[in-house]
Amino acid sequence: MTFAQRLVERITRVRTPLVVGLDPRWKSLPDSLRDGTDLASQAIAYQRFCCEIIDVVAPLVPAVKPQVAFFEQLGWQGMKALGGVIDHARSKGLLAIVDAKRGDIGSTAEGYASAWLGADSPWRGDALTVSPYLGDDALEPFAKVCHETDSGLFVLVKTSNPGSGALQDRRAEGRPICHHVAEWVEKLAQRDSDATGYGSIGAVVGATYPEQLAELRTLMPHIMFLVPGFGSQGGTAADVAPAFDERGLGAIVNSSRAIIFAHQRPEFAELDWQRAVESATREAIEQLATVAKIG
(Lines give C-alpha, C1' and ligand atoms only; values in the text may rest on other atoms or scores of the structure.)
Protein backbone atom coordinates (compact mmCIF):
# COMPACT_ATOMS: atom_id res chain seq x y z
CA MET A 1 0.00 0.00 0.00
CA THR A 2 1.13 3.55 -0.68
CA PHE A 3 1.51 5.99 2.18
CA ALA A 4 -1.70 7.78 1.16
CA GLN A 5 -3.59 4.47 1.14
CA ARG A 6 -2.27 3.48 4.56
CA LEU A 7 -3.10 6.89 5.98
CA VAL A 8 -6.62 6.93 4.55
CA GLU A 9 -7.22 3.37 5.73
CA ARG A 10 -6.20 4.30 9.26
CA ILE A 11 -8.22 7.55 9.27
CA THR A 12 -11.29 5.68 8.07
CA ARG A 13 -10.85 2.95 10.68
CA VAL A 14 -10.65 5.31 13.67
CA ARG A 15 -12.96 7.89 12.03
CA THR A 16 -10.86 10.93 12.85
CA PRO A 17 -8.10 12.98 11.18
CA LEU A 18 -6.53 13.92 14.52
CA VAL A 19 -2.78 13.41 14.89
CA VAL A 20 -1.06 13.72 18.26
CA GLY A 21 2.20 15.63 18.24
CA LEU A 22 4.90 14.28 20.55
CA ASP A 23 6.81 17.37 21.73
CA PRO A 24 8.27 16.47 25.14
CA ARG A 25 9.45 19.39 27.25
CA TRP A 26 11.24 18.63 30.51
CA LYS A 27 9.53 21.25 32.69
CA SER A 28 6.08 20.27 31.44
CA LEU A 29 6.40 16.54 32.08
CA PRO A 30 4.32 15.06 34.92
CA ASP A 31 6.24 15.18 38.21
CA SER A 32 6.17 11.39 38.45
CA LEU A 33 8.39 11.10 35.36
CA ARG A 34 11.03 13.68 36.27
CA ASP A 35 13.54 11.56 38.15
CA GLY A 36 17.05 12.94 37.68
CA THR A 37 18.19 15.86 35.55
CA ASP A 38 21.15 14.52 33.56
CA LEU A 39 20.71 13.90 29.83
CA ALA A 40 20.37 10.13 30.18
CA SER A 41 17.62 10.47 32.80
CA GLN A 42 15.77 13.03 30.72
CA ALA A 43 15.97 10.80 27.63
CA ILE A 44 14.52 7.87 29.57
CA ALA A 45 11.72 10.14 30.81
CA TYR A 46 10.98 11.43 27.29
CA GLN A 47 10.74 7.92 25.90
CA ARG A 48 8.52 6.71 28.71
CA PHE A 49 6.30 9.81 28.45
CA CYS A 50 5.83 9.48 24.70
CA CYS A 51 5.35 5.71 24.76
CA GLU A 52 2.72 5.97 27.48
CA ILE A 53 0.93 8.63 25.43
CA ILE A 54 1.05 6.25 22.46
CA ASP A 55 -0.51 3.50 24.61
CA VAL A 56 -3.43 5.84 25.34
CA VAL A 57 -4.03 7.28 21.87
CA ALA A 58 -3.27 4.26 19.66
CA PRO A 59 -6.93 3.11 19.50
CA LEU A 60 -8.14 6.66 18.89
CA VAL A 61 -6.01 8.33 16.20
CA PRO A 62 -4.30 7.37 12.91
CA ALA A 63 -0.80 8.72 13.58
CA VAL A 64 1.60 10.47 15.90
CA LYS A 65 4.10 13.16 14.98
CA PRO A 66 7.32 13.14 17.05
CA GLN A 67 9.18 16.46 16.89
CA VAL A 68 12.86 15.64 16.45
CA ALA A 69 14.16 18.88 17.98
CA PHE A 70 13.12 17.98 21.51
CA PHE A 71 15.01 14.70 21.31
CA GLU A 72 18.06 16.29 19.66
CA GLN A 73 18.35 18.60 22.68
CA LEU A 74 19.43 15.56 24.69
CA GLY A 75 22.21 14.45 22.34
CA TRP A 76 22.64 10.82 21.38
CA GLN A 77 20.64 9.67 24.40
CA GLY A 78 17.68 11.66 23.15
CA MET A 79 17.98 10.29 19.64
CA LYS A 80 18.08 6.76 21.01
CA ALA A 81 14.87 7.58 22.88
CA LEU A 82 13.33 8.87 19.64
CA GLY A 83 14.09 5.57 17.94
CA GLY A 84 12.30 3.75 20.73
CA VAL A 85 9.29 6.07 20.42
CA ILE A 86 9.00 5.53 16.65
CA ASP A 87 9.29 1.75 17.05
CA HIS A 88 6.65 1.76 19.79
CA ALA A 89 4.25 3.79 17.65
CA ARG A 90 4.62 1.39 14.75
CA SER A 91 4.15 -1.61 17.04
CA LYS A 92 0.80 -0.14 18.09
CA GLY A 93 -0.35 0.26 14.49
CA LEU A 94 0.16 4.01 14.34
CA LEU A 95 1.84 5.82 11.47
CA ALA A 96 4.93 7.77 12.55
CA ILE A 97 5.22 11.18 10.89
CA VAL A 98 8.70 12.47 11.70
CA ASP A 99 8.74 16.24 12.12
CA ALA A 100 12.35 17.03 11.24
CA LYS A 101 11.90 19.67 8.50
CA ARG A 102 14.87 18.42 6.54
CA GLY A 103 15.96 20.03 3.27
CA ASP A 104 19.20 19.89 1.34
CA ILE A 105 20.53 19.21 -2.14
CA GLY A 106 21.94 16.25 -4.06
CA SER A 107 23.53 13.41 -2.14
CA THR A 108 22.81 15.12 1.20
CA ALA A 109 19.07 15.08 0.50
CA GLU A 110 19.39 11.43 -0.52
CA GLY A 111 21.11 10.76 2.79
CA TYR A 112 18.35 12.37 4.81
CA ALA A 113 15.66 10.57 2.82
CA SER A 114 17.25 7.12 3.17
CA ALA A 115 17.86 7.73 6.87
CA TRP A 116 14.30 8.66 7.81
CA LEU A 117 11.87 7.17 5.31
CA GLY A 118 10.52 3.65 4.98
CA ALA A 119 10.13 0.53 7.07
CA ASP A 120 13.64 -0.62 6.20
CA SER A 121 15.36 2.70 6.98
CA PRO A 122 17.32 3.22 10.21
CA TRP A 123 14.61 5.49 11.67
CA ARG A 124 11.59 3.73 10.10
CA GLY A 125 9.56 6.88 9.56
CA ASP A 126 6.32 6.59 7.62
CA ALA A 127 6.57 10.22 6.55
CA LEU A 128 8.86 13.22 6.98
CA THR A 129 8.39 16.99 6.98
CA VAL A 130 10.69 18.80 4.54
CA SER A 131 11.50 22.37 3.49
CA PRO A 132 11.17 23.29 -0.21
CA TYR A 133 13.22 26.46 -0.15
CA LEU A 134 16.41 25.01 -1.64
CA GLY A 135 14.56 24.24 -4.87
CA ASP A 136 13.37 21.29 -6.93
CA ASP A 137 16.68 19.42 -6.78
CA ALA A 138 16.28 19.40 -2.99
CA LEU A 139 12.82 17.80 -3.13
CA GLU A 140 13.38 15.29 -5.92
CA PRO A 141 15.59 12.91 -3.87
CA PHE A 142 12.96 12.80 -1.13
CA ALA A 143 10.17 12.19 -3.65
CA LYS A 144 12.19 9.39 -5.24
CA VAL A 145 12.69 7.59 -1.92
CA CYS A 146 9.00 8.04 -1.09
CA HIS A 147 8.07 6.33 -4.33
CA GLU A 148 10.51 3.48 -3.72
CA THR A 149 9.54 2.88 -0.08
CA ASP A 150 5.81 3.73 -0.05
CA SER A 151 6.44 6.48 2.46
CA GLY A 152 5.30 10.11 2.49
CA LEU A 153 6.44 13.71 2.61
CA PHE A 154 4.82 16.82 4.00
CA VAL A 155 6.31 19.89 2.33
CA LEU A 156 6.20 23.24 4.16
CA VAL A 157 3.85 25.43 2.12
CA LYS A 158 2.10 27.80 4.57
CA THR A 159 3.15 27.28 8.16
CA SER A 160 1.21 28.26 11.29
CA ASN A 161 3.77 30.49 12.99
CA PRO A 162 3.19 34.28 13.18
CA GLY A 163 6.34 35.08 11.18
CA SER A 164 5.53 32.82 8.24
CA GLY A 165 4.24 35.69 6.14
CA ALA A 166 7.65 37.38 5.95
CA LEU A 167 8.65 34.94 3.21
CA GLN A 168 5.67 32.73 2.41
CA ASP A 169 3.28 35.67 1.75
CA ARG A 170 5.82 37.81 -0.12
CA ARG A 171 4.58 38.36 -3.65
CA ALA A 172 6.45 37.14 -6.71
CA GLU A 173 5.02 37.55 -10.21
CA GLY A 174 1.84 38.92 -8.66
CA ARG A 175 1.17 36.01 -6.29
CA PRO A 176 2.30 34.92 -2.81
CA ILE A 177 5.35 32.67 -2.80
CA CYS A 178 3.34 29.99 -0.98
CA HIS A 179 1.08 29.76 -4.05
CA HIS A 180 4.07 29.10 -6.29
CA VAL A 181 5.25 26.40 -3.88
CA ALA A 182 1.73 24.92 -3.77
CA GLU A 183 1.55 24.51 -7.56
CA TRP A 184 4.98 22.94 -7.64
CA VAL A 185 4.11 20.46 -4.87
CA GLU A 186 0.82 19.62 -6.60
CA LYS A 187 2.72 18.63 -9.75
CA LEU A 188 4.97 16.35 -7.70
CA ALA A 189 1.95 14.71 -6.06
CA GLN A 190 0.12 14.09 -9.33
CA ARG A 191 2.91 11.77 -10.49
CA ASP A 192 1.92 9.09 -7.98
CA SER A 193 -1.64 9.86 -6.91
CA ASP A 194 -3.54 6.64 -6.26
CA ALA A 195 -7.08 5.39 -5.75
CA THR A 196 -7.51 7.62 -2.71
CA GLY A 197 -7.20 10.68 -4.93
CA TYR A 198 -4.05 11.74 -3.11
CA GLY A 199 -0.34 11.17 -3.56
CA SER A 200 2.51 10.43 -1.23
CA ILE A 201 3.58 14.09 -1.35
CA GLY A 202 1.62 16.19 1.13
CA ALA A 203 1.76 19.77 2.35
CA VAL A 204 1.99 21.52 5.70
CA VAL A 205 -0.69 24.23 5.80
CA GLY A 206 -1.47 25.93 9.10
CA ALA A 207 -4.87 26.23 10.76
CA THR A 208 -4.03 29.74 11.92
CA TYR A 209 -4.58 31.17 8.41
CA PRO A 210 -7.97 29.67 7.39
CA GLU A 211 -8.55 31.90 4.35
CA GLN A 212 -5.20 30.92 2.89
CA LEU A 213 -5.86 27.29 3.77
CA ALA A 214 -9.00 27.43 1.61
CA GLU A 215 -7.07 29.04 -1.26
CA LEU A 216 -4.31 26.45 -1.05
CA ARG A 217 -6.79 23.57 -1.07
CA THR A 218 -8.00 24.84 -4.45
CA LEU A 219 -4.42 24.93 -5.74
CA MET A 220 -3.57 21.47 -4.37
CA PRO A 221 -6.53 19.11 -4.96
CA HIS A 222 -4.34 15.96 -4.90
CA ILE A 223 -2.44 16.88 -1.74
CA MET A 224 -2.93 15.46 1.72
CA PHE A 225 -2.63 18.35 4.16
CA LEU A 226 -0.87 18.19 7.51
CA VAL A 227 -2.50 21.01 9.47
CA PRO A 228 -0.67 22.36 12.52
CA GLY A 229 -1.95 25.19 14.72
CA PHE A 230 -5.12 23.47 16.00
CA GLY A 231 -5.60 23.71 19.75
CA SER A 232 -2.99 25.59 21.76
CA GLN A 233 -2.00 27.81 18.81
CA GLY A 234 -5.56 29.05 18.44
CA GLY A 235 -6.83 27.17 15.38
CA THR A 236 -10.39 25.82 15.64
CA ALA A 237 -12.32 23.07 13.92
CA ALA A 238 -14.05 25.70 11.77
CA ASP A 239 -10.65 27.02 10.70
CA VAL A 240 -9.53 23.62 9.38
CA ALA A 241 -12.83 22.75 7.66
CA PRO A 242 -11.69 23.85 4.15
CA ALA A 243 -8.90 21.24 4.23
CA PHE A 244 -11.34 18.31 3.95
CA ASP A 245 -13.06 16.82 0.92
CA GLU A 246 -16.67 15.63 0.83
CA ARG A 247 -15.60 12.28 2.34
CA GLY A 248 -14.04 13.97 5.37
CA LEU A 249 -10.59 13.07 4.00
CA GLY A 250 -7.71 15.06 2.56
CA ALA A 251 -6.12 16.29 5.77
CA ILE A 252 -4.72 15.30 9.12
CA VAL A 253 -4.83 17.83 11.95
CA ASN A 254 -2.10 17.97 14.55
CA SER A 255 -2.52 18.84 18.21
CA SER A 256 0.44 18.65 20.57
CA ARG A 257 0.51 20.65 23.80
CA ALA A 258 -3.26 20.72 24.34
CA ILE A 259 -3.21 16.92 24.47
CA ILE A 260 0.15 15.76 25.79
CA PHE A 261 0.22 18.32 28.61
CA ALA A 262 -3.52 18.13 29.32
CA HIS A 263 -2.75 17.45 33.00
CA GLN A 264 -1.89 21.17 33.23
CA ARG A 265 -5.32 22.25 31.97
CA PRO A 266 -7.73 23.23 34.80
CA GLU A 267 -10.60 21.14 33.43
CA PHE A 268 -8.49 17.97 33.67
CA ALA A 269 -6.62 18.79 36.89
CA GLU A 270 -8.39 16.07 38.90
CA LEU A 271 -7.32 13.30 36.51
CA ASP A 272 -4.03 11.42 36.43
CA TRP A 273 -1.92 12.55 33.51
CA GLN A 274 -2.71 9.66 31.17
CA ARG A 275 -6.45 9.98 31.71
CA ALA A 276 -6.06 13.70 31.03
CA VAL A 277 -4.38 12.83 27.71
CA GLU A 278 -7.26 10.52 26.81
CA SER A 279 -9.90 13.10 27.74
CA ALA A 280 -8.17 15.84 25.75
CA THR A 281 -7.80 13.52 22.75
CA ARG A 282 -11.48 12.61 22.81
CA GLU A 283 -12.39 16.29 23.14
CA ALA A 284 -10.34 17.17 20.04
CA ILE A 285 -11.83 14.24 18.12
CA GLU A 286 -15.35 15.47 18.92
CA GLN A 287 -14.48 18.98 17.76
CA LEU A 288 -13.05 17.76 14.45
CA ALA A 289 -16.03 15.45 13.88
CA THR A 290 -18.18 18.53 13.33
CA VAL A 291 -16.24 19.40 10.15
CA ALA A 292 -14.72 16.09 8.97
CA LYS A 293 -17.64 13.79 8.22
CA ILE A 294 -15.66 10.61 7.72
CA GLY A 295 -17.68 7.78 6.23
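- A donor-acceptor pair under 3.5 Å is absent between the side-chain atoms of Ser41 and the main chain of Thr37, judged by distance alone.
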(message) side chain to side chain contact (heavy atoms under 4.5 Å, CB included) for Leu219 and Leu216? Distances and angles first, verdict last.
(response) CA-CA 5 Å; Leu219 292 173; Leu216 291 165; 4.2 Å; yes

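- Ile97 and Tyr46 fall into different hydrophobic clusters, where Ile, Leu, Val, Met, Phe, Trp and Tyr side chains are chained together by heavy-atom contacts under 4.5 Å.
- Minimum interatomic distance between Ser200 and Thr2 (heavy atoms only, all atoms of both residues): OG-CB, 4.4 Å.
- At least one donor-acceptor pair under 3.5 Å links the side chain of Arg171 to the backbone N or O of Gly174.
- The 12-atom threshold is not exceeded at NE2 of His147, counting heavy atoms of other residues, nucleotides or ligands nearer than 6.0 Å.
- Although no hydrogens or angles enter the test, the distance criterion places a donor-acceptor pair under 3.5 Å between the side chain of Arg10 and the main chain of Val61.
- Evaluation of the salt bridge (charged side-chain N to carboxylate O under 4.0 Å, His left out) rule for Glu186 yields no partner, not counting sequence neighbours.
- Rounding to the nearest 0.5 Å places CD of Glu211 at 7.0 Å from CD of Glu215.
- Considering every non-hydrogen atom in both Ala258 and Ser255, the closest pair reads CB-OG, 3.8 Å.
- Gln264 places none of its side-chain heavy atoms less than 4.5 Å from the side chain of Arg257.
- Counting only distance, with no hydrogens or angles, the side chain of Arg170 and the backbone of Gly165 share no donor-acceptor pair below 3.5 Å.
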(message) Show, in sequence, the C-alpha distance, side-chain angles and deciding distance for Leu18 and Val57, and conclude whether the side chain to side chain contact (heavy atoms under 4.5 Å, CB included) test is met.
(response) CA-CA 10 Å; Leu18 180 68; Val57 305; over 6 Å; no

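- Considering every non-hydrogen atom in both Ala243 and Phe225, the closest pair reads CB-CD2, 4.0 Å.
- In this structure, the separation between CG on Asp239 and OG1 on Thr208 is 8.5 Å, given to the nearest 0.5 Å.
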(message) Run the salt bridge (charged side-chain N to carboxylate O under 4.0 Å, His left out) test on Glu278 and Arg282 for me, step by step, so that the C-alpha distance in whole Å, both residues' side-chain angles and the decisive distance to 0.1 Å come before the verdict.
(response) CA-CA 6 Å; Glu278 181 180 359; Arg282 293 187 182 278; 3.1 Å; yes

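- Leu139 contributes atom CG, which lies 8.0 Å from atom OG of Ser131 (distance to the nearest 0.5 angstrom).
- Ionic pairing of Glu183 and Arg175 is present here: one or more N-O contacts between side-chain nitrogen and carboxylate oxygen are shorter than 4.0 angstrom.
- Under the 4.5 Å side-chain heavy-atom criterion for grouping Ile, Leu, Val, Met, Phe, Trp and Tyr, Leu95 is connected to Met224 within one hydrophobic cluster.
- Heavy-atom contacts from other residues, nucleotides or ligands closer than 6.0 Å to CZ of Arg13 number more than 12.
- What you find for Ala189 and Ile201 is that their closest heavy atoms are CB-O, 3.7 Å.
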Going by atom type alone, with no hydrogens or angles, which donor-acceptor pairs under 3.5 Å involve a side-chain atom of residues 85-94 and a protein atom two or more places apart or on another chain?
unit_1, atom_1, unit_2, atom_2, d
Asp87, OD1, Arg124, NH1, 2.9
His88, NE2, Asp55, OD1, 2.7
Arg90, NH1, Arg124, O, 3.0
Arg90, NH1, Asp126, OD1, 3.0
Arg90, NH1, Asp126, OD2, 3.4
Ser91, OG, His88, O, 2.7

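- The shortest side-chain heavy-atom distance between Gln42 and Arg34 does not fall under the 4.5 Å cut-off.
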List the atom pairs, donor and acceptor, that lie under 3.5 Å between side-chain atoms in residues 246-253 and the rest of the protein, sequence neighbours left out.
unit_1, atom_1, unit_2, atom_2, d
Arg247, NE, Asp245, OD2, 3.2
Arg247, NH1, Thr196, O, 3.4
Arg247, NH2, Thr196, O, 2.9
Arg247, NH2, Asp245, OD2, 2.9

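- Under a hydrophobic clustering in which Ile, Leu, Val, Met, Phe, Trp and Tyr are joined whenever their side-chain heavy atoms come within less than 4.5 Å, directly or via other members, Ile11 and Met1 fall into different clusters.
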Would you tabulate the side-chain donor-acceptor contacts of residues 62-82 under 3.5 Å, counting partners in other chains and residues two or more places apart, or write 'none'?
unit_1, atom_1, unit_2, atom_2, d
Lys65, NZ, Asp99, OD2, 2.7
Gln67, OE1, Ala69, N, 3.0
Gln67, NE2, Asp99, OD2, 3.2
Glu72, OE2, Arg102, NH2, 3.3

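- A distance of 12.0 Å separates CG of Leu22 from CD of Gln47, quoted to the nearest 0.5 Å.
- Looking at heavy atoms from C-beta onward, Val185 lies in side-chain contact with Ile223 at the 4.5 angstrom threshold.
- Across all non-hydrogen atoms, the minimal contact from Ile260 to Val277 is O-CG2, 4.0 Å.
- Proximity of Cys50 to Pro24: side-chain heavy atoms (C-beta onward) are separated by under 4.5 Å at one or more points.
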(request) Evaluate side chain to side chain contact (heavy atoms under 4.5 Å, CB included) for Leu167 paired with Tyr133, printing each intermediate quantity in order. (result) CA-CA 10 Å; Leu167 175 60; Tyr133 289 100; 4.0 Å; yes

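- With a 4.5 Å cut-off on side-chain heavy atoms, Glu110 and Thr108 do not count as touching.
- Not counting sequence neighbours, the partners of Phe261 by the ring-ring contact (aromatic ring centres under 6.0 Å, His included) test are Phe49.
- A donor-acceptor pair under 3.5 Å is absent between the side-chain atoms of Tyr112 and the main chain of Pro141, judged by distance alone.
- Side-chain contact check for Glu52 versus Trp273: some heavy-atom pair is nearer than 4.5 Å.
- Going from atom OG of Ser32 over to atom CZ of Arg48 covers 6.0 Å, rounded to the nearest 0.5 Å.
- Counting non-hydrogen atoms of other residues, nucleotides and ligands closer than 6.0 Å to CD1 of Ile105 gives a total of 12 or fewer.
- The 12-atom threshold is exceeded at CG of Asp38, counting heavy atoms of other residues, nucleotides or ligands nearer than 6.0 Å.
- Residue Trp184 is grouped with residue Val205 when hydrophobic side chains (ILVMFWY) are merged at heavy-atom distances under 4.5 angstrom, including chains of intermediate members.
- Summarising the geometry of Ala115 relative to Pro122, their closest heavy-atom pair is O-CD, 3.4 Å, with the distance given to 0.1 Å.
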Got a list of side-chain donor-acceptor pairs under 3.5 Å for residues 150-161, not counting sequence neighbours?
unit_1, atom_1, unit_2, atom_2, d
Ser151, OG, Thr149, OG1, 2.6
Lys158, NZ, Ser164, OG, 2.9
Lys158, NZ, Asp169, OD1, 3.0
Lys158, NZ, Asp169, OD2, 3.1
Thr159, OG1, Asn161, OD1, 2.6
Thr159, OG1, Gln168, OE1, 3.4
Thr159, OG1, Gln168, NE2, 3.0
Ser160, OG, Gln233, NE2, 3.2

(message) Run Leu288 and Phe230 through side chain to side chain contact (heavy atoms under 4.5 Å, CB included) and show every step you take.
(response) CA-CA 10 Å; Leu288 291 174; Phe230 174 72; 4.0 Å; yes

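- Hydrophobic clustering keeps Ile285 apart from Val14 (ILVMFWY residues linked when any side-chain heavy atoms are closer than 4.5 Å, directly or through intermediates).
- You'll find the side chain of Val291 reaches within 4.5 Å of the side chain of Val240, heavy atoms only.
- Looking at heavy atoms from C-beta onward, Cys146 lies out of side-chain contact with Phe3 at the 4.5 angstrom threshold.
- Panel note: side chain His263, backbone Phe268; no donor-acceptor pair is recorded below 3.5 Å.
- Atoms CG and CG, on Leu226 and Leu7 in that order, are 9.5 Å from each other to the nearest 0.5 Å.
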